[in-house]
Protein chains: 2
Amino acid sequence: MKIDKSLVRTFPLFEKMDDADTEALLAHSTSRRVPVGEAVFEQGAAATHFFLLLHGRLKVTQVTEDGQQIIVRVVHPGDLFGFAKALMRSDYPGTATAVAESIALSWPTELWPQFVDKNPRLAVTAMQTIGQRLEEAHARIREMSTQEVERRVAHAVLRLAKQAGRKEGGAVRIDFPISRQDIAEMTGTTLHTVSRIMSAWEAKGLVEGGRQKLTVKDVDGLSALAETVKG
Amino acid sequence: MKIDKSLVRTFPLFEKMDDADTEALLAHSTSRRVPVGEAVFEQGAAATHFFLLLHGRLKVTQVTEDGQQIIVRVVHPGDLFGFAKALMRSDYPGTATAVAESIALSWPTELWPQFVDKNPRLAVTAMQTIGQRLEEAHARIREMSTQEVERRVAHAVLRLAKQAGRKEGGAVRIDFPISRQDIAEMTGTTLHTVSRIMSAWEAKGLVEGGRQKLTVKDVDGLSALAETVKG
DNA sequence: CGCGTTCTTTGACACATCGCAAACATGAGG
DNA sequence: CCTCATGTTTGCGATGTGTCAAAGAACGCG
């Protein structure tokens with residue numbers, strides 16, 4: 001799979017890995033196409049594989065006991081995901097669903113220890129990733145504890161713009177279909193409130209919305225809003 | 001230090017470790033007494049050591065850019081804490097402050113790799129711990145996204161009762177000084193709201209409060225409240 | 001033992017946000 | 001090209017929670 005290899009090479013994770021090792025890793029992988037709306041794995045299922053997203057976009061969601069859904073994170077190309085086993089879990093804590101046509105590589109979890117053994121760098125990266133995720137989670141808790149909805153939404157949108165933004169002139173378009181509902185589930189609010197807020201922003205010329213579309217027209221303006229100390 | 005060793009032995013972390021290894025670990029450690037209000041380490045400081053709480057109780061806090069504080073977690077005896085380096089971080093993400101007279105063991109972070117090497121079980125436990133923490137963080141995000149304050153507070157109190165509860169007849173007293181402010185910072189609300197809620201609970205006979213004191217008198221009742229689907 | 005600090009309780013009020021409901025827009029598929 | 005499903009906008013009323021303010025209670029310290 002030549003295409004895979006050259007693509008994989010562009011990811012930070014494999015940057016410092018030599019060709020032989022990369023090859024070895026890929027040799028054991030299975031590539032899988034995931035159409036929009038389909039899940040790579042479901043919350044609670046036995047964690048049989050871990051994954052690397054080659055192309056596309058996924059959202060990882062969790063459902064609460066009483067049926068409400070939240071988006072835990074968005075998976076971008078180059079991200080490792082679903083490595084529950086590295087954390088000594090036997091099942092997936094969330095559901096990973098494609099929001100855009102995606103391609104993912106997968107490995108059986110049993111292979112994880114070998115890989116780590118053979119390539120300590122992988123372990124380090126994995127640790128860093130997990131550390132980052134923990135930090136992100138805490139940042140989100142901090143936000144939800146102390147900030148009003150508008151600022152939270154602003155942060156979320158800016159984050160998306162940074163991670164999945166596509167420059168279009170002075171504006172940045174978010175590169176995959178995302179609904180108000182999605183943003184609401186990422187920020188702990190309702191789609192109604194998100195819609196209202198974004199309408200206001202649109203009036204101010206900060207963003208431009210559309211059905212499952214979102215473009216940030218004034219990054220600085222939105223940043224200012226996100227950082228504003230109330231009062 | 002015989003006392004340390006026999007105490008340490010009671011912790012799950014060392015349960016399956018043989019005496020020689022335990023001894024070796026302890027040999028490199030430094031024991032430190034932490035009076036109430038004092039910090040073991042501060043947010044942003046270089047992560048020079050990692051720790052094990054022997055006795056007492058700590059709270060780990062973070063301050064937001066605009067000065068608000070949140071409690072990230074409570075550290076109980078037997079817990080490993082401050083191992084930022086295991087996550088490839090060079091500084092501590094939060095501040096650990098004693099809320100009760102405490103004793104902690106510490107090791108230089110440089111020793112971490114050796115320990116892990118020598119005792120793989122430690123690595124596994126550490127991973128599990130981190131996994132748990134990530135999960136807890138997500139659970140908290142879920143709660144904050146979907147539940148009203150009263151349920152969140154109920155959950156927080158029940159968690160504390162489980163982790164730091166001391167049976168007193170049918171009731172469970174939380175075994176360290178905790179203020180309404182603390183609970184507010186754990187649940188993302190204000191001390192006023194917490195106070196109001198707990199007054200209501202007290203009227204219903206669910207809990208009994210006092211200055212920095214809290215006793216759950218009716219665990220089942222409170223649990224019911226925590227799980228209640230609104231409506 | 002009394003003083004002052006810290007923590008807690010309570011009231012009144014404002015307001016952000018949710019819930020409900022209905023109209024509207026957009027894009028996909030026949 | 002029309003129609004239906006899905007996503008979006010908007011209004012209105014209800015209300016949970018934050019904010020401000022002040023009094024009261026508990027504890028530590030001199």
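Chain naming here is simple, since letters A, B, ... match the order of the sequence lines and numbering starts at 1 in each.
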Engineer: With the side chain of B:E148 defined as its heavy atoms from C-beta on, choose the nearest nucleotide among D:dT17, C:dT17, C:dT9.
Structural biologist: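 Output: D:dT17.
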Engineer: Any side-chain N or O of A:T193 less than 4.0 Å from the OP1 or OP2 oxygen of C:dT17?
Structural biologist: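 Checking C:dT17 against A:T193, no side-chain N or O comes under 4.0 Å of OP1 or OP2.
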Engineer: Using a 4.5 Å cut-off on heavy atoms from C-beta on, say whether the side chain of B:R73 contacts that of B:Q163.
Structural biologist: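 They are not in contact (no side-chain heavy atoms under 4.5 Å apart), so the answer is no.
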Engineer: Enumerate the ring pair (Phe, Tyr, Trp, His ring centres under 6.0 Å) contacts for residues 51-78 of chain A, please, sequence neighbours excluded, ordered by first and then second residue.
Structural biologist: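 Ring pair (Phe, Tyr, Trp, His ring centres under 6.0 Å) check on residues 51-78 of chain A returns A:F41-A:F51, A:F51-A:F81.
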Engineer: For C:dT10, take OP1 and OP2 only and decide whether either is under 4.0 Å from a side-chain N or O of B:S199.
Structural biologist: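 For C:dT10, OP1 or OP2 has a side-chain N or O of B:S199 closer than 4.0 Å.
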Engineer: Is the phosphate of D:dT10 approached by A:S195 (side-chain N or O, under 4.0 Å from OP1 or OP2)?
Structural biologist: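 No, because none of the side-chain N or O atoms of A:S195 sits under 4.0 Å from OP1 or OP2 of D:dT10.
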Engineer: Please list each protein N or O that sits under 3.5 Å from an N or O in nucleotides 27-30 of chain D, with the distance.
Structural biologist:
{"from": "D:dC27", "atom 1": "OP1", "to": "B:K213", "atom 2": "NZ", "distance (Å)": "3.1"}

Engineer: Give the nucleotide from the list D:dT8, C:dT8, D:dT17 with an atom nearest to the side chain of B:R180.
Structural biologist: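 Nucleotide nearest to B:R180's side chain: C:dT8.
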Engineer: Would you say the side chain of A:V40 lies within less than 4.5 Å of the side chain of A:R32, judging by non-hydrogen atoms?
Structural biologist: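 A side-chain contact under 4.5 Å exists here.
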Engineer: List the steps and the verdict of side chain to side chain donor-acceptor pair (under 3.5 Å) for A:Q132 and A:Q128.
Structural biologist: CA-CA 6 Å; A:Q132 265 174 33; A:Q128 284 177 332; 6.0 Å; no
Engineer: Please produce a list of atom pairs where a protein N or O lies less than 3.5 Å from an N or O of nucleotides 22-24 of chain D.
Structural biologist:
none

Engineer: Using the side-chain heavy atoms of A:R196, tell me which of these nucleotides is nearest: C:dT9, C:dG19, D:dG18.
Structural biologist: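 Closest of the options to the side chain of A:R196: C:dG19.
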Engineer: Take A:E202 and B:R152, find for each the nucleotide of DNA chain D with the closest heavy atom, and name the residue whose nucleotide sits nearer the 5' end.
Structural biologist: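 On the 5' side of the pair lies A:E202.
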Engineer: Assess whether a salt bridge exists between A:E135 and B:R89, defined as any Lys/Arg side-chain N lying under 4.0 Å from an Asp/Glu carboxylate O.
Structural biologist: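 Judged by the 4.0 Å cut-off on N to carboxylate O distance, A:E135 and B:R89 do form a salt bridge.
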Engineer: Can you check whether A:K217 reaches A:E168 side chain to side chain, under 4.5 Å on heavy atoms?
Structural biologist: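 They are not in side-chain contact.
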Engineer: Would you indicate, yes or no, if D:dG18 has its OP1 or OP2 atom less than 4.0 angstrom from a side-chain nitrogen or oxygen of B:T190?
Structural biologist: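 Yes, within the criterion.
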Engineer: Would you name the heavy atoms of A:T190 and A:A184 that are closest together and state the gap between them?
Structural biologist: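 Shortest heavy-atom contact: C-CB, 3.5 Å.
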Engineer: May I have the distance from A:W201 (atom CH2) to D:dT9 (atom C1'), rounded to whole angstrom?
Structural biologist: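 One finds 16 Å between C1' of D:dT9 and CH2 of A:W201, rounded.
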Engineer: Take the protein atom CD of A:Q212 and the nucleotide atom P of D:dT9, then report the distance between them rounded to whole Å.
Structural biologist: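 So the two atoms are 12 Å apart, to the nearest Å.
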Engineer: Taking it one step at a time, do B:K162 and B:R159 satisfy side chain to side chain contact (heavy atoms under 4.5 Å, CB included)?
Structural biologist: CA-CA 5 Å; B:K162 200 185 314 183; B:R159 222 172 290 140; 5.8 Å; no
Engineer: Please step through side chain to side chain donor-acceptor pair (under 3.5 Å) for the pair B:D182 and B:S179, ending with a clear verdict.
Structural biologist: CA-CA 5 Å; B:D182 289 333; B:S179 70; 3.3 Å; yes
Engineer: Does A:T189 put a side-chain nitrogen or oxygen below 4.0 Å from OP1 or OP2 of C:dC18?
Structural biologist: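 Result: yes.
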Engineer: Side chain of B:S179: nearest nucleotide among C:dA16, C:dT8, C:dA12?
Structural biologist: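 Closest of the options to the side chain of B:S179: C:dT8.
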